[in-house]
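Right, one structure below, let's go through it.
Per chain, numbering begins at 1; letters A, B, ... match sequence-line order.
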Amino acid sequence: MQPTEQDLHVEIAKAYEPQAIEAKWVRRWEELGVFTAQVESAKQPFVLACPPPNVTGSLHLGHAVNGTIQDILARTKRMQGYEVLWQPGTDHAGIATQYVVEKKLFREQGKTRHDLGRDAFLEKVWAWKQESGDRIFEQFKRLGASLDYTRWRFTMDEGYSRAVRRAFVQLYKKGYIYRGNRMINWCPSCLTSLSDLEVTTREQDDALYHIRYPMADGEGALVVATVRPETMLGDVAVAVHPEDDRYREYLNRQVQLPLTDRKIPVVADSYVEREFGTGCLKITPAHDANDFAIGQRHGLPVLNTLTATAILNETTGQYAGLTREVARKKVVADLESAGFLVKTEPYTHAVGRCSRCDTVLEPYLSDQWFVKMHELATPAIQAVESGRIKFHPSRWGDVYLDWMKNIQDWNISRQLWWGHQIPVWTCAAGHVTVEQQDPAACATCGDNHLTQDPDVLDTWFSSALWTYATLGWPDATPELTRFHPTQVLSTARDIIYLWVARMIFTSLEFLDEIPFSDVIIHATILDPEGRRMSKSKGTGVDPLLIMDKYGTDATRFWLAGAGTSSQDVRFREEKIETYRNFANKLWNASRFILTKAATKADSSRSLPAEVSTVSSPIDRWILSRLHGLIRDVSAHIDQYAFADAISALYDFTWNEFCDWYLELAKPRLESDDTAVRRVLAEVMDTLLRLLHPFMPFITEEISQQLVERQWAVSSQTLQHRPWPQFDPAAIDLEAEGEMALLIGTVRALRNMRAELRVEPGKVAPEVRIRVTRDAHPAFVRLSDLIARLGRAERITLLEDGQIVETARSATAMVGENQVILPFDGFGDVLEREVKRLQKEVGALEQEQTRIRQQLSNESFVSKAPAAVVDKIRARGSEVAVQLETLERQLTAWSNA
RNA sequence: GGGCGUAUAGCUCAGUUGGUUAGAGCGCCACGUUGACAUCGUGGAGGUCACUGGUUCGAGUCCAGUUAUGCCCACCA
């Protein structure tokens, strides 16, 4: 049954109201299972692994940017006929989660994890994970993210844990994992070691203390400079440069270490910079990585003066029990009163801090597990150098390579409880057993009293397996076969080393294939002042609030453009407002079409319009522009240049479709004109499909309304519709040229009316246009439209060369055509017209001078490409005609 | 100390392989209720493209240097 006109006259909200519509489509998509990837499908796969957010996390702008970027790809590829898997999941985020739960425990119960014990504490963490674990995916759903939620994985779920075990054991058995007693970064607050990547360095103002160390034999003294005077209690030597003449005589003698009864040697080491400070370096092997190395070279002892919590230990005598901060003050005071403090000068230097809790780290000597990186890095370097993996923008590939080529061994053990416990067992005899399954007995001696290493693995060790562990590895699952390697990975640049690099080398090691072929590094969103957003400073922006306020589509439209910008972008609400307005524009355009066009002439419903059957130049123009848009948007998406796609979509929709085509369609809709209805339906339907990956909600809603009125092909969702195909035959430069004449003429008339201050409501009885021979047929076709949009009752076309009485009228040039607007009924506007003409003539004269200079420059004419010279010549003759006409007009005025 | 970015309209940003009238949004000024949209429409003003030098017939675009600014890496206490 065909809907009647009354059925069609449904109320459509005057402004786009996103909330209810978004909620409806989130539900609907889920019910229909639109995002579920089919392993069995015959389609070519397109796979994105979503960077797993922390279980405890909630959606921030970074997630929103990245989610939008990936969703655009996922939705586009679905429409393009791919079997899309966008893999979701969360990361257990060892240190971050443990830190949050410990804080909560202390706040609520005043207890530490040690009060509870390992098992009870882990129960707490699991409970917390249960509580907040899927909140972020509810938020992703609101964003419209078309993740396959049925395949959600967690880095500590059962299968994933097996993958982690398998990875560790394989690396261990191949000799890539070793235990070493080395200087690592220690957080005295989190009480764990950290990898170099988990250290943030920040400059701070301190003092550089110059301390006199008297020679043990009483003859002279050396002065050392340090920012950490309290560490002198652990000094075991003073080093000078071997070729430093100032100190030659001190070598191989001893100094009496102040505040202690110890005598320590003076050694020579070329590490010492002669120019820095006094050229004498105190050596504290237990508390400085360089000093440790120097100590090794000279066979010096290691004297640890700190506890794990950075409190001075019993070796420091009277200072034992003090924190490092208090000890520093006391040591300085004692040195000063004993006369050892030579001077103190202000000093700015970089200090390493825990990236989690911001505590100043201690270099700390301890037993840790490491991954030997050099050999593993080699194929990972090759994969990027050969172009098998491409970074976008490409400069991040160089950043990756720099790091990979200077790779250091990776400290993977953490003294935490939350995470994958290291699968290494030791028996009473000290034999080590490393197995995937928990062993019952020692592999060497059969002893069945085994102790598992209490440490857990670095969180990044497990997330490094993300692209394939989520698909079932180490089992050869159908998913793994079908969906790996993945295609695109999109992420923030601050985890290129932590995560991207490690996924690459583990995938090459375990599967002998790359994990993905393209890496998109998206831009960072900064606050309005250009600073990094930070939760603690309160400069963070909650994307959910923005979505509530402006609609998710508007937010996504901005995010997609911002995220693929080549530089970082500042967040500003006004920018989202622009796209909120855009969504509203689109909404109203469709409202207009649905209420005005779709209510008449049922015959128009045999849609869509075939390009070849369209005859009106205006219709051919919009279809030509539409196909240009299809071509450009498709290309931009292929190149991940979403910002370009967005501006093309925005400009077409607003400036070409709404401002011109819809306006031109209005008079035609008064009649039963079927062509205009077909074209409107075709453009609208195509536009909605092009916009859909960027603005899924509003496009889905409008599209369904079109379907209800049988104005678009029926389908459950736009995801089931094909991506628009570019048709080169639709490109019609002639129609575009004709439209340029129309737009130019209408603008010229509007400009004259505005500048002459003609009342907007006043219709000119006549507008005369003196047209060139070439343009004549076009103007004949366009006259009615020009009259309507240019507010004239009648258009009279004059032949080129025809002498015209131009008095009492305003003149503007459109190319070489003269648009003449008689003053009839406009009042006294002569003076304004003269001013207008003078301004125009002035500008044209300037341009003409420039062009003449150009063309009289022989080397330009002979060396520049002919096309460029021709273009300037053509413009030159156009300018000449325009000038001549306008000047004649001016003369006529001055004679009048 | 090394590396990578960025400097274009009052603000936030585009400007493809160098081609001659440098664009957009916001803001600003003037006008506007022809029923899709005031979250709108029409017209307008506004830029010696950070600076200096070079290459070229021609430079916002390429090269060198300078200044400012941001980020990353790094073991000078």
Side-chain angles (χ1 to χ4, degrees), chain A residues 12 14-16 183 196 201 208 224-228 231 239 271-273 275-278 280-284 288-293 347 349-350 363 393 395-396 398-399 402-403 406 493-494 496-497 524 526 528 530-532 550 554 561-562 565-570 572 574-575 577-597 641 643-644 647 650-651 655 658-659 662-663 666 747 750-755 757-761 763 788 791 843-844 846-847 850-851 853-854 857-865 867-869 871-872 875 879:
Chain A
I12 302 175
K14 203 171 169 185
Y16 175 56
M183 198 58 97
D196 295 344
T201 49
L208 187 62
V224 299
T226 179
V227 285
R228 300 195 59 193
T231 63
Y271 170 80
V272 179
E273 293 286 332
E275 293 74 29
F276 189 87
T278 58
C280 298
L281 177 63
K282 61 191 268 312
I283 303 299
T284 323
D288 183 282
N290 295 314
D291 291 8
F292 181 74
Y347 189 65
H349 65 144
R395 63 172 184 273
W396 297 112
D398 298 328
V399 171
D402 267 1
W403 186 74
N406 297 297
R493 63 161 170 272
D494 44 351
I496 292 177
Y497 306 144
T524 305
L526 306 170
R531 297 168 307 206
R532 294 206 75 153
Y550 298 100
S565 150
S566 57
Q567 56 179 52
D568 292 345
V569 241
R570 301 181 190 201
R572 280 204 125 116
E574 302 93 281
K575 295 178 182 178
E577 220 175 298
T578 303
Y579 296 121
R580 189 262 324 256
N581 296 352
F582 175 74
N584 192 55
K585 188 77 177 176
L586 184 69
W587 180 257
N588 274 292
S590 77
R591 192 163 72 99
F592 170 71
I593 291 170
L594 287 165
T595 54
K596 287 291 185 303
D644 294 336
S647 71
Y650 183 100
D651 289 346
N655 303 327
C658 291
D659 285 354
L662 283 187
E663 289 307 316
K666 282 176 182 174
R747 288 221 166 115
R750 286 173 178 166
N751 170 272
M752 286 188 279
R753 295 174 60 107
E755 300 255 315
R757 313 231 180 112
V758 175
E759 275 176 50
V763 176
R788 181 187 156 86
R791 313 238 73 202
L844 283 169
Q846 267 192 352
E847 191 181 349
R850 241 194 332 266
I851 290 171
Q853 277 170 359
Q854 267 307 289
N857 179 343
E858 256 177 65
S859 46
F860 168 72
V861 178
S862 60
K863 288 187 184 174
V868 172
V869 179
K871 203 173 142 193
I872 290 175
R875 176 62 187 156
V879 167

Notebook entry, point to check: Does A/E577 get its side chain close enough to the base of B/U39, under 3.5 Å, for a donor-acceptor pair?
Noted result: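 Absent.
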
*Tell whether A/R580 reaches the base of B/U39 with its side chain through a donor-acceptor pair below 3.5 angstrom.*
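Check passes, donor-acceptor contact within cut-off.
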
Round to the nearest Å and state the distance from [X] atom [atom1] to [N] atom [atom2].
| X | N | atom1 | atom2 | value |
| --- | --- | --- | --- | --- |
| A/K282 | B/C76 | NZ | P | 16 Å |
| A/R228 | B/C75 | CZ | P | 16 Å |
| A/L594 | B/G35 | CG | P | 20 Å |
| A/N655 | B/G23 | CG | P | 15 Å |
| A/Q567 | B/U12 | CD | C1' | 11 Å |
| A/R395 | B/U6 | CZ | P | 6 Å |
| A/D288 | B/A77 | CG | P | 9 Å |
| A/Y650 | B/U39 | OH | C1' | 11 Å |

Dot-bracket assigned to RNA chain B with the 3.5 Å Watson-Crick/G-U criterion, [ ] for crossing and | for other-strand pairs, is (((((((..((((.....[...)))).(((((.......))))).....(((((..]....))))))))))))....

Counting any heavy atom closer than 4.0 Å, what does [X] reach on the DNA or RNA strands: base, sugar-phosphate only, or nothing?
| X | value |
| --- | --- |
| A/F292 | nothing |
| A/E275 | nothing |
| A/P528 | nothing |
| A/Q853 | nothing |

Can you tell me how the ring of A/Y16 sits relative to the ring of A/W587, calling it parallel under 30°, perpendicular over 60° and tilted otherwise?
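A/Y16 and A/W587: tilted rings.
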
Kindly say if A/R753 contacts the phosphate of B/G43, meaning a side-chain N or O under 4.0 Å from OP1 or OP2. no

**N or O in side chain of A/K575 less than 4.0 angstrom from B/C13 OP1/OP2** =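 Negative; the distance criterion is not met.
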
| Does A/K585 count as lying over the ring of A/Y650, i.e. NZ or CZ under 6.0 Å from the six-ring centre, within 45 degrees of the axis? | no

